[in-house]
Amino acid sequence: MALSREQIAIRVARELKDGFYVNLGIGIPTLVANYIPDDIDVMLQSENGLLGMGPFPAEDEVDADMINAGKQTVTAATGASIFSSAESFAMIRGGHVDLTVLGAFEVDVLGNIASWMIPGKLIKGMGGAMDLVAGAENIIVTMTHASKHGDSKLLDRCSLPLTGAACIKKVLTDLAYLEIADGAFILRERAPGVSVDEIIAKTAGKLIVPDYVPEIQY
Amino acid sequence: MALSREQIAIRVARELKDGFYVNLGIGIPTLVANYIPDDIDVMLQSENGLLGMGPFPAEDEVDADMINAGKQTVTAATGASIFSSAESFAMIRGGHVDLTVLGAFEVDVLGNIASWMIPGKLIKGMGGAMDLVAGAENIIVTMTHASKHGDSKLLDRCSLPLTGAACIKKVLTDLAYLEIADGAFILRERAPGVSVDEIIAKTAGKLIVPDYVPEIQY
Amino acid sequence: MAGFNKIVDSYEAAMAGLEDGMTVLSGGFGLCGIPENLIAQIKKSGVTNLTVVSNNCGIDGFGLGILLEDRQIKKMIASYVGENALFESQLLANELEVELTPQGTLAEKMRAGGAGIPAFYTATGYGTPVGDGKEVRVFSGRSYILEEAITGDFAIVKGWKADKFGNVIYRNTAQNFNPLAATAGKITVVEVEEIVEPGELDPAHIHTPGIYVDRVIKGNFEKRIEQRTVRAAQ
Amino acid sequence: MAGFNKIVDSYEAAMAGLEDGMTVLSGGFGLCGIPENLIAQIKKSGVTNLTVVSNNCGIDGFGLGILLEDRQIKKMIASYVGENALFESQLLANELEVELTPQGTLAEKMRAGGAGIPAFYTATGYGTPVGDGKEVRVFSGRSYILEEAITGDFAIVKGWKADKFGNVIYRNTAQNFNPLAATAGKITVVEVEEIVEPGELDPAHIHTPGIYVDRVIKGNFEKRIEQRTVRAAQ
């Protein structure tokens, strides 16, 4: 069965390592913060200028001057630092963030990602996404494997305008965890109860299927 | 008679305007701080990262962590700000400093300045001088009109490696105050008792002498 | 002597000199740390054909969104827009020009504008529509695009506290683009919640040194919250 | 869990991994705000063929000057050198390579190195020997030269206070190049006068956020003064 949003977040959280600085995009990536393993410390970076993002505030802690990149009211964790947008993106673009998790419309076998613009629809802008994909060595894309109409989002070449070129190496969908290398998706794990055949059917881009593809354990 | 170091500083101080942010180089320019007119406020920028430099400290105020660009112990004036070298030169290179006063070996009719390097002698480096001359609209160069050997320092073309190209518009020497425009020095004022003929004799670069050249008043 | 006293007493004086066709840089991220009263003054002044540079364009009826009501904005340079219906309708009707710029590039462009750097290379946007028509250059085997600095005729900035010299500190994440905009305006206007005496702000912890600031005004702020999010009571 | 505890207990541990031929970025201006104990540890370690990037090179017997004694520095990138006789003699004997860089360009190169900007244009140095061999480009009628970023294998930094997460503040003008070097080291080591508990430093006034810092050590400092200048007693 396809993974739930929470299950995707739980699987992503396993990629976190002790001492990681992590930027979590809006949507499913944000949920990852709820599943950080107890035995590790990570520090969350919010690109509007906060390193060490804490949980949402209690009612009496709400502060209009303390928000995250999703414009939600948040708190600062003990030991946080707050800075300008230029400093924040110096961190991001300078490669100091250990892991970035973000959503996408499409990913392809070259590691290209399209996540910000659907021609013909209203274009709201890329925000910090282009900076994040250009700045991080280590990026996990989370998305559904196929659209509601059944069209694969894992392609040979992205059809939509790119957010970044040749920058994605890891994709977690509702069906599978895949790595991108040497011009192909490599199927590393599958959602519990999802067959390799289903993943093959829903992956338009070149797919390499190893002999053994374990199920993701929950 | 040629101006003393103090007289040069006094004349330069007359170029200060109320509300000016000013960077004073090492040597004679530093003395300008002693002659700021009582009826105006200026704020001194020191390129090591201090805006609002105060006087030298009293014995019991000496602080190894509070120095100026000449590495002298100083104080911070009330309302000062302290920042990194990048921020300091953002101010300088971004054109936010209203007036820069610095010394030179040579200046020429194109506004070129040479102040940092004499081939064959030990080269100590340009420090912040190249940034200052490239960043300021308004620069006053102070120097002796001629070398000890009588060689003019106001030339058609600088003979020494440049600190900056086409950036100097005002020169105050021990003999005269000159502006640079349209490929010539324009003699605006002369030191008390110094004849126009002496200035002509000691100026190698093209010199324009207006009909009336007042003496600098002290 | 007037000296370094940059305090003005009215919003008219704060925005004096703003004219049709000028470029205005604004601090703020979403509705956080926006110079809301300076924006309101721009609306009141009725100037038009503005180019506005800001990460976002406010919402319907608040922040920069109110400058859309009388079509005062000709061109918007931003990283993320469209949180308001009026923006969308003017955009679709070609009444508004939009130049979308990655958030980090936008921040760096403003900083560069203030710091005398006319252009810089960045990996952000390479291989995307943002890179179209821009010079590509390879450094150490990686491709980068050339991005030019941004400056403005005015910068409008929201601070927390300032002194009369124009030294400013920001509160929490209301800092965002404010100190960058502050460096890059020919005339930089800062509105703050509190004016303090010179010396009250720790010199080593001033976010915007007064050299960048031309005018300071004390305002009252609504500080509207865009996404009020709280955790469950314990 | 080790987590974000970056405190090390010995200078050996602080500089572990430094090898012959590496590039070291150092904070400090003159003798102000120099990481004096980290420099001493480099001397003790005996590594050679270093490229050192710092505004100055200390004086005879103190600061980076001590690395000249055993000829540990192969190349110096600085804006102003020659405050010490040993430097001069090694330079004249061609035992030391020097790349003189304008102070503002040097600061910006380090910042760029930390911020993922491989190169930028600046007016500084155009038409001078600094511009020789560098690309010139005209923006808005003015000529600029292209300058490339600097990064280091190590950055050595002197802070005032730090917490175990590596958040650092600097004291007065001892800030100078320190926060810039801190961003541009593959391994950034900060020595401080005091280690404080996380949360003691105001989040909005941290000069160097911990993300840039790999190791923190508490040291004792001589803080030698280069030009002790006092005013006459009243």
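A, B, ... follow the sequence lines: proteins, then strands. Residue 1 opens every chain.
- Heavy atoms closer than 4.5 Å to chain C are found nowhere in A/Asn112, neither backbone nor side chain.
- Checking C/Thr124, C/Thr122, C/Leu106 one by one against A/Asp131, the side chain to side chain contact (heavy atoms under 4.5 Å, CB included) holds for a single residue, C/Thr124.
- Within a 6.0 Å radius of CD in A/Glu137, no more than 12 heavy atoms belonging to other residues, nucleotides or ligands are found.
- Put simply, the residue from A/Gln72, A/Glu59, A/Lys71 that forms a side chain to side chain contact (heavy atoms under 4.5 Å, CB included) with C/Arg228 is A/Glu59.
- Top candidate by heavy-atom pairs under 4.5 Å with chain C, chosen from A/Ala166, A/Ala86, A/Gly164, is A/Ala86.
- Counting heavy-atom pairs under 4.5 Å between each of A/Gly70, A/Cys167, A/Gly127, A/Gly128 and chain C puts A/Gly127 at the top.
- For the options C/Ala123, C/Cys32, C/Gly127, heavy-atom pairs under 4.5 Å to chain A are most numerous at C/Cys32.
- Residue contact with chain C, scored on non-hydrogen atoms closer than 4.5 Å, is absent for A/Glu87.
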Residue pair A/Ile67, C/Gln227: steps toward the side-chain contact (heavy atoms from CB on, under 4.5 Å) verdict: CA-CA 9 Å; A/Ile67 67 167; C/Gln227 303 279 350; over 6 Å; no
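- Contact tally against chain C (heavy-atom pairs below 4.5 Å) for A/Ser46, A/Ala64, A/Ser88: the top residue is A/Ala64.
- Looking at heavy atoms from C-beta onward, A/Phe89 lies in side-chain contact with C/Gln103 at the 4.5 angstrom threshold.
- Looking at C/Pro179, the atoms closer than 4.5 Å to chain A (heavy atoms on both sides) all sit in the side chain, from C-beta outward.
- Of the listed residues (A/Ile92, A/Asn68, A/Asp63, A/Thr75), the greatest number of heavy-atom pairs within a distance under 4.5 Å of chain C belongs to A/Asp63.
- Here C/Ser79 is the residue among C/Ser79, C/Gly131, C/Gly27, C/Ala78 with the most heavy-atom pairs under 4.5 Å with chain A.
- Nearest heavy atoms, A/Met126 versus C/Pro102: SD-N, 3.6 Å.
- Atoms OG1 and CE, on C/Thr101 and A/Met130 in that order, are 10.0 Å from each other to the nearest 0.5 Å.
- Around atom NZ of C/Lys223, more than 12 heavy atoms belonging to other residues, nucleotides or ligands sit under 6.0 Å away.
- For C/Thr173 against A/Met66, the heavy-atom pair with the smallest separation is OG1-CA, 3.3 Å.
- Summarising the local packing, CZ of C/Phe154 is surrounded by more than 12 heavy atoms from other residues, nucleotides or ligands at distances under 6.0 Å.
- Counted by atom type alone, C/Thr105 and A/Arg93 present one or more donor-acceptor pairs between their side chains at under 3.5 Å.
- Here A/Pro57 is the residue among A/Gly49, A/Ala134, A/Pro57 with the most heavy-atom pairs under 4.5 Å with chain C.
- Of the two parts of C/Asn56, only the side chain, counted from C-beta on, holds a non-hydrogen atom closer than 4.5 Å to a non-hydrogen atom of chain A.
- Around the CG atom of C/Asn220, the shell of radius 6.0 Å holds no more than 12 heavy atoms that belong to other residues, nucleotides or ligands.
- In this structure, OG on A/Ser84 lies 13.0 Å from CZ on C/Phe29, to the nearest 0.5 angstrom.
- Among C/Lys109, C/Arg142, C/Arg224, the residue with the largest count of heavy-atom pairs under 4.5 Å with chain A is C/Arg142.
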Criterion side-chain contact (heavy atoms from CB on, under 4.5 Å) on A/Ser85 and C/Leu180, from CA distance to verdict: CA-CA 8 Å; A/Ser85 300; C/Leu180 313 170; 4.0 Å; yes
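- Put simply, the side chain of C/Pro129 reaches to within 4.5 Å of the side chain of A/Trp116, judged on heavy atoms.
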Audit row: A/Met117, C/Thr128, side-chain contact (heavy atoms from CB on, under 4.5 Å) steps and yes/no: CA-CA 11 Å; A/Met117 180 184 179; C/Thr128 80; over 6 Å; no
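- Contact annotation for C/Leu91: only side-chain heavy atoms (C-beta onward) come within less than 4.5 Å of a heavy atom of chain A.
- Ranked by heavy-atom pairs under 4.5 Å with chain C, the first of A/Asp65, A/Thr73, A/Asn48, A/Leu162 is A/Asp65.
- For the residue pair A/Ile123 and C/Leu100, the shortest heavy atom distance occurs at CG2-CD1, 3.4 Å.
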